[in-house]
Enquirer: 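First the structure, which I've put down as structure tokens, then a few questions once you've had a look.
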Amino acid sequence: MNMLQTAKEIRTAQSVPSALERFGDIDMPDLEYTPAVARETEHLYARVKDHIPAIEWPVFAPYVHAINRLKKERGAVILAHNYQTPEIFHCVSDIVGDSLQLAREAGTVDAEIIVQCGVHFMAETSKLLNPEKTVLIPDMKAGCSLSESITGADVRRLKVANPGVPVVTYVNTSADVKAETDICCTSSNALAIVESLEEDTVLCIPDEYLAMNIAKQTSKKILTWKGHCEVHERFTADELLAYKEADPNIQIIGHPECHPDVIEVCDFSGSTSGMINYVKEERPQKVLLVTECSMASNVEAETPGVEFVKPCNLCPHMKRITLPKILDSLVFMKEEVTIDPRIADRARLAVERMVNLGK
Ligand code: SF4
């Protein structure tokens with residue numbers, strides 16, 4: 001078999017039935033805003049009423065109603081990342097969180113089908129940790145600037161150039177990159193993973209700023225790659241200092257994918273889950289989350305009394321996921337995420353090493 005065959009070509013060659021063939025047809029539901037739809041979605045609207053005007057709800061409600069009915073019919077579970085829009089995050093999802101939380105919790109639910117509302121590397125991670133389940137992503141083009149900054153071939157070249165240096169890869173990467181990796185990390189455990197290694201020099205890829213933020217906290221030499229998150233790289237320290245000057249009581253909480261100069265002026269830095277927990281536990285009067293804009297709206301709905309200042313940096317890839325596309329996923333069983341088993345086995349090892357270290 002040609003080593004360069006794509007997963008799609010392998011599937012075609014082996015005539016594996018499509019997800020639609022395996023799970024069967026289902027009719028596209030009516031999408032009318034009837035009195036029954038209004039009644040049955042009323043409790044869900046209460047969760048998002050501060051973000052969706054009442055006049056717009058009749059457009060959203062039929063999709064929310066249809067998706068919640070169809071996911072039961074299909075035996076599917078919907079995973080939504082913290083950066084998904086409020087109508088997805090609060091009205092149709094079963095499990096919410098950061099990418100690793102989503103993948104790990106998906107393995108604990110009794111559902112054959114996972115619909116991943118997030119970007120492609122997240123769907124791949126869900127598939128890696130749940131290989132027996134069917135994983136769907138509502139838009140296959142939902143990518144990520146960070147994940148796309150590096151390929152498996154790049155990592156192989158890095159290893160040749162730095163023999164004996166262990167490779168720690170951020171979970172925001174493709175399975176192809178994870179397969180070349182010694183161990184994965186998230187933004188919350190990256191420092192602990194680096195510190196757990198015996199070697200004094202560590203390749204920490206592909207996020208340059210995450211690596212720089214770790215380097216400030218360890219005595220090890222950190223080598224990295226020039227990958228950036230296009231959302232977090234837009235924030236500047238000057239911009240945040242201006243918010244502080246306008247209101248010295250504001251708490252600024254930053255994601256470690258931001259430049260170290262930005263993290264320097266933050267009151268707290270953590271992963272998306274770490275940031276959410278901080279707001280829920282500390283209950284600051286006024287807070288600015290230095291991360292993707294939808295997350296502030298999602299946390300705001302759960303933390304009444306906290307005022308959120310929102311410099312709105314949206315992730316265009318996350319915003320590819322919409323209610324109509326989620327409905328299409330459930331009706332037509334698309335798009336199915338598959339990984340070449342030879343890549344999947346090695347990539348899974350790198351993720352499992354990280355998970356086991358956490359235990
Ligand atoms: S927010 Fe950044 S890291 Fe997350 S998916 Fe978008 S580009 Fe990638």
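Whatever order the structure lists them in is the order used to number ligands and atoms, beginning at 1.
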Enquirer: Heavy-atom contacts with Val231 under 4.0 Å: which atoms of ligand 1 show up? List them by number with element.
Expert: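 In order of numbering, the contacting atoms are 1 (S).
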
Enquirer: To the nearest 0.1 Å, how far is atom 2 (Fe) of ligand 1 from its closest protein heavy atom, and which atom is that?
Expert: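 Nearest neighbour among protein heavy atoms for atom 2 (Fe) of ligand 1, to 0.1 Å: Cys229 SG, 2.3 Å.
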
Enquirer: Heavy-atom contact check, 4.0 Å cutoff: does Glu257 meet ligand 1?
Expert: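 Checking ligand 1 against Glu257, which is what was asked, there is a heavy-atom contact under 4.0 Å.
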
Enquirer: Nearest protein heavy atom to atom 3 (S) of ligand 1, by residue and atom, and its distance?
Expert: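 I find the closest protein heavy atom is Asn172 ND2, 3.4 Å.
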
Enquirer: In terms of residue, atom name and distance, what is the protein heavy atom nearest to atom 4 (Fe) of ligand 1?
Expert: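 The answer is Tyr83 CE1, 4.0 Å.
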
Enquirer: If I compare all heavy atoms of Leu314 with all of Val231, which pair ends up nearest, and what's the gap?
Expert: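 Leu314 and Val231 have their closest heavy atoms at O-CG2, 3.8 Å.
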
Enquirer: Has His232 got an N, O or S atom lying less than 2.8 Å from atom 2 (Fe) of ligand 1?
Expert: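 Short answer: no, not a single N, O or S atom is under the cut-off.
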
Enquirer: Which distance, rounded to the nearest 0.5 Å, do you find between the OG1 of Thr34 and the NE2 of His65?
Expert: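 Rounded to the nearest 0.5 Å, the OG1-NE2 separation comes out at 7.0 Å.
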
Enquirer: For Thr173 and Tyr170, indicate whether the former's side chain and the latter's backbone hold a donor-acceptor pair under 3.5 Å.
Expert: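 At least one qualifying donor-acceptor pair exists.
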
Enquirer: Short list, please: which atoms of ligand 1 are under 4.0 Å from a heavy atom of Ser145?
Expert: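 Near Ser145, meaning under 4.0 Å from one of its heavy atoms, ligand 1 has 7 (S).
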
Enquirer: Before you tell me yes or no, could you show the steps for Glu42 and Lys49 under salt bridge (Lys or Arg N to Asp or Glu O under 4.0 Å), namely the whole-Å CA-CA distance, both residues' side-chain angles and the distance that decides it to 0.1 Å?
Expert: CA-CA 10 Å; Glu42 206 179 349; Lys49 64 180 177 10; over 6 Å; no

Enquirer: Please find out if atom 8 (Fe) of ligand 1 and some N, O or S atom of Cys315 are separated by less than 2.8 Å.
Expert: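 Given the 2.8 Å cut-off, Cys315 does not count as a ligand of atom 8 (Fe) of ligand 1.
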
Enquirer: Considering only the SG atoms, does Cys293 lie under 2.5 Å from Cys312?
Expert: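 Answer is yes: Cys312 pairs with Cys293 in a disulfide.
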
Enquirer: Step through the shown structure and confirm whether more than 12 heavy atoms of other residues, nucleotides or ligands are within 6.0 Å of NZ on Lys221.
Expert: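 It does not: Lys221 NZ has 12 such atoms or fewer within range.
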
Enquirer: CD of Glu199: more than 12 outside heavy atoms within 6.0 angstrom?
Expert: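 Enclosed.
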
Enquirer: To which protein heavy atom is atom 8 (Fe) of ligand 1 closest, and what is the distance rounded to 0.1 Å?
Expert: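 Looking only at protein heavy atoms, the one closest to atom 8 (Fe) of ligand 1 is Cys144 SG, 2.4 Å.
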
